[in-house]
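Throughout, protein chains are lettered first and strands after them, A, B, ... in sequence-line order, and every chain is numbered starting at 1.
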2 protein chains.
Amino acid sequence: MGSENSGSKRELSERKKQILKAIIEAHIELGEPVGSKYLTSNKHIACSSATIRNEMAELENMGYLEQPHTSAGRVPSEAGYRLYVDSLIDSYRLTEREIEELRTSLRKKQAELDSILDTAIRLASSMTDYTALAAKPRKVRVTVSHFEIIRTDERSMILVLLIGGIVKTRAIRSRVPIGDEASGRLEAILNKKLTGLTAAEITMPLMMEMEREMGADEYLVEPVVKGICETISAFDGGELRFDGIDRLLSYPEVYGGERLRDMLTLFERKQDLLDVFSETEMQTGDDGSVKIYIGRENLVKTMDNSTLVYKPIKRGGILVGAIGVIGPTRMNYSRVIAMIDHLSSGVSNLIEEGDERSD
Amino acid sequence: MGSENSGSKRELSERKKQILKAIIEAHIELGEPVGSKYLTSNKHIACSSATIRNEMAELENMGYLEQPHTSAGRVPSEAGYRLYVDSLIDSYRLTEREIEELRTSLRKKQAELDSILDTAIRLASSMTDYTALAAKPRKVRVTVSHFEIIRTDERSMILVLLIGGIVKTRAIRSRVPIGDEASGRLEAILNKKLTGLTAAEITMPLMMEMEREMGADEYLVEPVVKGICETISAFDGGELRFDGIDRLLSYPEVYGGERLRDMLTLFERKQDLLDVFSETEMQTGDDGSVKIYIGRENLVKTMDNSTLVYKPIKRGGILVGAIGVIGPTRMNYSRVIAMIDHLSSGVSNLIEEGDERSD
DNA sequence: TTTAGCACTTGAAATGCCTGAGTGCTAACT
DNA sequence: AGTTAGCACTCAGGCATTTCAAGTGCTAAA
């Protein structure tokens, strides 16, 4: 209420920044409200506890700090964390050892995107000590670019669909024997008629046309097309995978009791979380940097008290997924950000360079 | 002590059985130790609380009951539960509604085993209110029965492997353009040389022989074979999936604090649980009935206090997986058993009949 | 403008008491 | 001999009370 900035958020004095930063970092480390006295031991702050108290009172007025109760220390508010990650944070330098670990672990899995992602979240979780997750975003337009039919025995075959670089398969069985010639013809027709179409664009007339072209073997068309539609539809739902759910329990203050249950339910239902990834800039143009959602900023109500840090994964400039961690608001931001940044880039490079080399 | 059965487990009197059964069922329902007085209200028991106390004391001597502390009621011991599920339990009859729900939900997913399993565990979890899990057991001998190569563009192709009825794919990219003729020849060679072999049986001399046969395009062999080996090796690890982990929290007495963490870790690591499925009779001959592991009977130490109920899933007589639920020892056995029995059979039928009909 | 000092607030932990449920045992009852 | 009623005893859980320590805001002095 003095003459200086009372509530109006103009600019923070250097000392206020120092104090806020110290409080946040102390709180991240200790998990408890931090008091004025404790801060005097901080080497970057050279004033008495009384002065600090005054500053803290003002910071609280400005909305950067909160007080759980009268006689407790201060705790950073969401606005405080936001300011912190936006302008106060020191960027964490991964150690040589950490970089090496990320590199070698990733290298080993020179396989499909799916297993790379599995490795990546396992890494992310174990190295940050938070719950890690990877998402493949919901596709806007899912189409098959190529069909292939593999005969297994005389009455069954496997349909192979190439959807946006990912292979999906589906077994088709028939009561009567299928001729090799018929399946070959079916394959050709599928490739001619259905490539580039979404499930919604596969119409009855189109199917009837295909049946006509198949002639005597028209009975194959309906089950196959039905299978294709189902597969396409099943594909467009994004995917979400986790690792290190057990680490939520390391933060009982946050994920205790009901909250934990909500969180687990959130992970199980998946949909809400997928929406987070889809609704944000992931779909549209996006600078590809690390994203941070703190507390209420999250679209999912369950996730106040939590922070989501993630970074998109790109292949050939287009978005194919994201990897991140989720944890309590008081997470170790600088370390997590550095990790996720590096890891996501690593995955991107890995799948990118697969296009260039074969090894 | 007395003249009668003191500790020696000969045969239980009818009344003791009634009392034990009543105690177990009351405990399952209420989750609390049950006392002598409470039981007098049970209509199947027609004697005073004092008599019940005497009987309970003897049952405790015999090891079927336990006392948390002196002035608390009795709680069933693991031996008590075991006796209960083996000989006291009334078999639960699913209601028409329940059967209908199982049937229709399963029908909808007329797809691959994987998605059927997903549906099944979701159902199992929601209908029993416990955590459900499905396993595909570790295969003893993993071999590829058929290879197929799909060209996507001139420098990349997709390798399709048919492993025990399941399709696995792998992208292969080359720095130099691959001729159609070359990939066709490679496919033929793979089918000739590698079908029926495990990863361990693919030797260097064999690969060199293939390179010789490929002539000028020998450079393709090494990356492809390497990819095949990796895919086969990755396949043999069984798979495990869950649903309803959040339901553990409904039983805080059991899964509170450290225990919950242990459980989550168990679910995340997967290996230990897979071992349970693999080490039991699943691999060898097996009558295909519902299996019940109570408390310490479980091979995994984390799982005392828990019961695992599962039933194998078979296709054409051979084992392809299992589905079950895991929950506190005091779970509602009769209902869960009936559910899992029905559900597993349903899945078995579903994939079985897929071999007969096409629709 | 900073600092020292002091009175005040308040949650957490410790303590002690009480209650009620449930037992084991003995003695009476059938 | 088996069953029941009665009684003394035990113990966990709830409740109120106290104590403690941390931390604050404010005032007055430097």
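Put simply, CD on Glu55(B) is 11 Å from P on dT4(D), counting in whole angstrom units. The distance between atom CG of Leu30(A) and atom P of dA22(D), rounded to the nearest whole Å, is 14 Å. The CD atom of Glu32(A) sits 13 Å away from the C1' atom of dG23(D) (whole-angstrom rounding). Distance CD1 (Ile52(A)) to C1' (dT2(C)): 12 Å, rounded to an integer number of Å.
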Base, backbone or nothing for each nucleotide of nucleotides 19-30 of chain C, written B, S, -, heavy atoms under 4.0 angstrom, 5' to 3'? --BSBB------
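Arg261(A) is linked by a salt bridge (Lys or Arg N to Asp or Glu O under 4.0 Å) to nothing, counting only residues two or more places apart in sequence or in another chain. With sequence neighbours excluded, no residue satisfies salt bridge (Lys or Arg N to Asp or Glu O under 4.0 Å) with Asp246(B). Every residue meeting the salt bridge (Lys or Arg N to Asp or Glu O under 4.0 Å) condition with Arg330(B), not counting sequence neighbours, appears here in chain and number order: Glu253(B). Looking at residues two or more places apart in sequence or on another chain, you find a side chain to side chain donor-acceptor pair (under 3.5 Å) between Asp243(B) and Arg122(B).
In terms of phosphate contacts, Ser48(A) brings a side-chain nitrogen or oxygen within less than 4.0 Å of OP1 or OP2 of dT3(C).
The aromatic rings of Phe242(B) and Phe267(B) sit tilted relative to each other, their planes meeting at an angle between 30° and 60°.
Residue pairs meeting the side chain to side chain donor-acceptor pair (under 3.5 Å) criterion with at least one member in residues 78-89 of chain B, sequence neighbours excluded: Glu25(B)-Tyr84(B), Arg82(B)-Asp86(B), Arg82(B)-Glu297(B).
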